[in-house]
Every structure is written in C-alpha cells, then in structure tokens.
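Written below as structure tokens is the structure these notes are about.
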Amino acid sequence: MSRRVVIIGAGYAGLGAAVRLARKTRGQDVRLTLVNRDQGFVERVRLHQLAADQRLRAWPLATMLHGTGIELLIATVTSIDVTRRRVHLERAPGAVEYDTLIYALGSGLPAYNVPGVSGHAHFVVSAEKAARLRDRIGGLSGGRIAVVGGGLTGLEVATEIAEARPDLDLHLCADTEPGHWLAPAGQRHLRQALDRLGITTHLGRVSTVRATSVDLDHDGRVDADVTVWTAGFAVPTLARDSGISADERNRIVVDDRLRSVSHPEIYAVGDAAAATTAGGESRMSCQTAIPMGRYVAGAIARELSGDKPRPYRMRYVWQNISLGRRDGITQFTRGDDSPLPAVMTGWKAARFKEAVTRSVVRYIAG
Ligand SMILES: Cc1cc2nc3c(=O)[nH]c(=O)nc-3n(C[C@H](O)[C@H](O)[C@H](O)COP(=O)(O)OP(=O)(O)OC[C@H]3O[C@@H](n4cnc5c(N)ncnc54)[C@H](O)[C@@H]3O)c2cc1C
C-alpha cells in the first residue's frame, strides 16, 4: 500500500516541502496530497504592497503543481484526529488520511492583547485582511494613518503606504526605537527614510485602540482615521486543539528533526513550528519557513529509503526591509541573526529585495 504523505498549508514552507518531496520520491510508491484553503499561493511578504493598492501576481496552485503528481485539495482544515491519523476538512472529501503529516498552516492571524484592536484596527496578516485595509485607505482623501509596531512589518507597511499615498499623514507607534536592532548605518538610513516620507514616530506602548485614535502610555494620544496593527502574527490553536503538543504561542513543539515531540509522524514547518536556529528561537519569516520545508522533504525522503536524517540546522544571512518600492535596507547578519556592520541601503537594497522575493517563488515551486 502506498505511503500517504499529507501536507497541510501551501505557503512558503508547505508548498516548498511538497514540491521537493515529489521530486525526491518520484517513481516510489508514495502518494502526496497538499491541502490549502485558497486556490492560489499567497506571497505573504508582499501583503503591504497589496494594502498600498498594488496589483499582486496571481499564483494558481493547480498550475504550479502541474506535472508534479501532487494531489491538490482546496479546503479548510478544521481539525486533526491524531489517533486515526486523519485530517478533517470543511468540505468534500471531508477527511484525508495520512501516514506522515507535514503541518504548515502558518500564522495568518494578528497577535494582540490590547483593548480595542479587534474592533477598530486593520491588519496585513492575510490577503483578505490586507485587501480590506486597501479598500479602507482607498476611500480616504487625505487623513491620518497610525501604524502600530516598529518591527519589520510595521516599517514596510508605513513606508509603502506613505510612498503610495503622499496625501496621507503617516504615524508610526512603537514601544522601542524602530530599527534599533540594525547596525548604525542601517539605523541612520532608516531615520532618513522615515523623515523623507514624512512619517512621524511616537515612542510608547499602545494601551488602547479607539475608533479614531490610539492611546500611548507615554506619548498621549495619536489621532487616526485608520489604525493598522502590525505588532505580531498569531498561530491558530488548531494543533493544540487536536492534542498535538504546542508552546504558549500555539506553535508545535518539535525535536531536532522538526517532528512533533508528542506525535513524531507529524512534522511542523514554518511559522507554526517552535524550532530553534543557531541564535535560539527561530524568527517567523519566509527566510525560516523555506529551509524548514526543504529540510523536511529531504528528511522524509531519507527515511523512506531507510536512512536516518541529519538534525535540522539553519543559519540566517540577512534581513531585507523594503521602504517603499525605491528604497530599502539589507542588514547582513551572522548565522544567529545578529547584525554584522555590513548594510546595503537605498535603491540597491530595494532591487535586491525584489530579486530575492521573485526568486523565492521560482525556487519553492521548483
Ligand atoms: C506584510 C508582511 C511582510 C512580510 N515580509 C517578510 C519579509 O520581508 N521577509 C520574510 O522572511 N518574511 C516576511 N514576512 C513573514 C512571512 O510572510 C511568513 O513568516 C511566512 O509566510 C511563513 O510561511 P509559512 O509557510 O509558515 O506560512 P504561510 O505563508 O502563511 O502559509 C500558510 C498556508 O496555510 C494555509 N492555511 C492556513 N490555515 C489553513 C487551514 N485551516 N486550512 C487550510 N489551509 C490553511 C494558508 O492559506 C497559507 O496558504 C512578512 C509577512 C507579512 C504579513
């Protein structure tokens, strides 16, 4: 009987794992099924561009998987029966059985514990939410936008919208200096870029989000027609609810081969996995998700041929931050993600990031 490998989630980690595993097991008695909620692969790293009303290229999964032999099911996973090894779906065929499961459902929910966020804020965590933000901004002629969160996503969202819509007044609310983790040259460039784009920074912890303002602990109140919350992605509780061992952020706890510590027939990859790298806890990023997917495909292929896989290891090389379409920062890093003095800035960094983002899709789709 065929070995049934089911991959749930066709993002950077899951799609990459599925395509690579298909290639590595060609000719073997292995049946691969990829389950995803949407018909298309979503380039999540471009969702701030979607929010700023740029048209994103469509990536139909059926076309991307053509010729791979992978069975594609477009359905939402509702639960996993870990005893019967069955993934439940909200539509036909209702369930799919596995011998090995690759869990790659990502982190498509916003993370927050501040009053008013759910009722008043907009988000860029998923294509649907980014499109909602785009439509809201599209309806404004002038006005103020508050972007909460001074991390990579907050910087990309604020600068992208500021560049696309100079008629809007952009405010960035962050509890620490935006870009404080960058090398000095990167920090200088970021400050210049925020000034050039007319973005006002407010330092302080956001305590409440209201319909037309954001309250800060130390910097009073920032009036805003639209608030965008970018301070963190959240992992759905699906794995935990299904009885799979998960950490406090709902990510699956894995061993050094990215197998669930409670259910070793389940591999976890991407944002949904609590894995470690050279520097400790892995960063939620496509930079982490892609090597995880590749590793798991290789590990399963090795197991199938009777070999013991080597432990998972990953080292970071850079952080790419876009500052609109014509500016950016590439912060080169050590393997543990800490910054090196080397930084590339300006249009070269913007072009570099665009080239990397494009090549990533080609790379994972094989
Ligand atoms: C605006 C923005 C900018 C970013 N910029 C960068 C960047 O510059 N560099 C970087 O490295 N990272 C960046 N990231 C983070 C990066 O996008 C994520 O870390 C990455 O997408 C994680 O990959 P993944 O495969 O784990 O999950 P995802 O890419 O989120 O894929 C998960 C897949 O699972 C599917 N799915 C989810 N739930 C279900 C369900 N119940 N049933 C069926 N299917 C389901 C989803 O539809 C999706 O296809 C950015 C994110 C955002 C939002």
Side-chain angles (χ1 to χ4, degrees), residues 45 47-49 51-52 110-117 120-125 130 133 136-137 140 142-233 283 319-331 339 343-347 349-350 353:
V45 303
L47 290 181
H48 53 293
Q49 295 177 238
Y112 53 84
N113 57 1
V114 166
V117 176
H120 301 303
H122 284 258
F123 310 97
V124 289
V125 288
L133 172 60
R136 176 74 181 95
I137 295 174
L140 293 175
R144 272 183 166 219
I145 311 267
V147 176
V148 181
L152 297 169
T153 309
L155 292 173
E156 294 197 327
V157 169
T159 52
E160 199 76 47
I161 296 173
E163 184 184 86
R165 290 290 305 271
D167 59 315
L168 299 176
D169 187 12
L170 261 292
H171 293 256
L172 184 63
C173 305
D175 56 1
T176 49
E177 187 66 36
H180 63 87
W181 67 91
L182 297 168
Q187 293 188 24
R188 268 196 306 279
H189 187 82
L190 179 61
R191 276 194 295 272
Q192 285 163 7
L194 294 176
D195 286 348
R196 174 176 58 78
L197 291 164
I199 299 172
T200 308
T201 302
H202 303 264
L203 280 187
R205 185 169 283 276
V206 171
S207 53
T208 310
V209 175
R210 302 179 192 279
T212 55
S213 66
V214 165
D215 289 352
L216 294 173
D217 277 352
H218 303 298
D219 195 12
R221 173 175 291 195
V222 178
D223 292 330
D225 300 294
V226 176
T227 297
V228 190
W229 186 269
T230 70
F233 306 138
R283 172 160 53 96
Q319 287 182 13
N320 277 326
I321 311 171
S322 64
L323 303 170
R325 290 302 84 205
R326 297 182 287 276
D327 195 1
I329 298 173
T330 298
Q331 171 65 65
V343 175
M344 179 163 63
T345 57
W347 64 267
K353 175 156 191 187

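Just so it is clear, the model here is predicted, and its values are computed rather than measured.
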*asked:* Checking T230 against H48: is there a side-chain donor and acceptor pair closer than 3.5 Å?
replied: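 No pair is found: no donor N or O on one side chain lies under 3.5 Å from an acceptor on the other.
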Quick one: does [X]'s side chain have a donor or acceptor within less than 3.5 Å of a partner on [Y]'s backbone?
X: E163; Y: R325; answer: yes
X: E156; Y: S322; answer: yes
X: R136; Y: H122; answer: no
X: R144; Y: D223; answer: yes
X: S213; Y: V222; answer: no
X: W229; Y: A111; answer: yes
X: Q319; Y: Q331; answer: no

Using 0.5 Å steps for rounding, measure from the [atom1] atom of [X] to the [atom2] atom of [Y].
X: D225; Y: L168; atom1: CG; atom2: CG; value: 8.5 Å
X: K353; Y: I329; atom1: NZ; atom2: CD1; value: 11.0 Å
X: L190; Y: L182; atom1: CG; atom2: CG; value: 6.5 Å
X: D327; Y: I321; atom1: CG; atom2: CD1; value: 10.5 Å
X: L170; Y: E160; atom1: CG; atom2: CD; value: 11.0 Å

*Dump the intermediate steps for side chain to side chain contact (heavy atoms under 4.5 Å, CB included) on H189 and L323, then the final yes or no.*
CA-CA 10 Å; H189 187 82; L323 303 170; 4.0 Å; yes
*Report the C-alpha separation of T176 and W181 in whole Å, then their side-chain angles, then the decisive distance to 0.1 Å, and conclude whether the side chain to side chain contact (heavy atoms under 4.5 Å, CB included) test is met.*
CA-CA 10 Å; T176 49; W181 67 91; over 6 Å; no
Can you give me the closest heavy-atom contact between [X] and [Y], atom names plus distance?
X: A174; Y: G149; result: CB-C, 4.5 Å
X: T159; Y: L155; result: OG1-O, 2.7 Å
X: P339; Y: A183; result: CB-N, 4.2 Å
X: A51; Y: L133; result: CB-CD2, 3.6 Å
X: A146; Y: A224; result: CB-CB, 3.6 Å

*Worked check of side chain to side chain contact (heavy atoms under 4.5 Å, CB included) between V148 and Y112*: CA-CA 11 Å; V148 181; Y112 53 84; over 6 Å; no
*Sort out for me which residue in I137, V157, L172 forms a side chain to side chain contact (heavy atoms under 4.5 Å, CB included) with V228.*
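When I137, V157, L172 are each tested with V228, the side chain to side chain contact (heavy atoms under 4.5 Å, CB included) holds only for V157.
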Do the side chains of [Y] and [X] get nearer than 4.5 Å, heavy atoms only?
X: T201; Y: L194; answer: yes
X: I145; Y: L140; answer: yes
X: H202; Y: V214; answer: no

_With a 6.0 Å cut-off (strictly less than), is the heavy-atom count around CZ of R283, excluding the residue itself, greater than 12?_
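Enclosed.
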*Does the side chain to side chain contact (heavy atoms under 4.5 Å, CB included) test come out yes or no for T212 and R210, once each step is laid out?*
CA-CA 6 Å; T212 55; R210 302 179 192 279; 5.7 Å; no
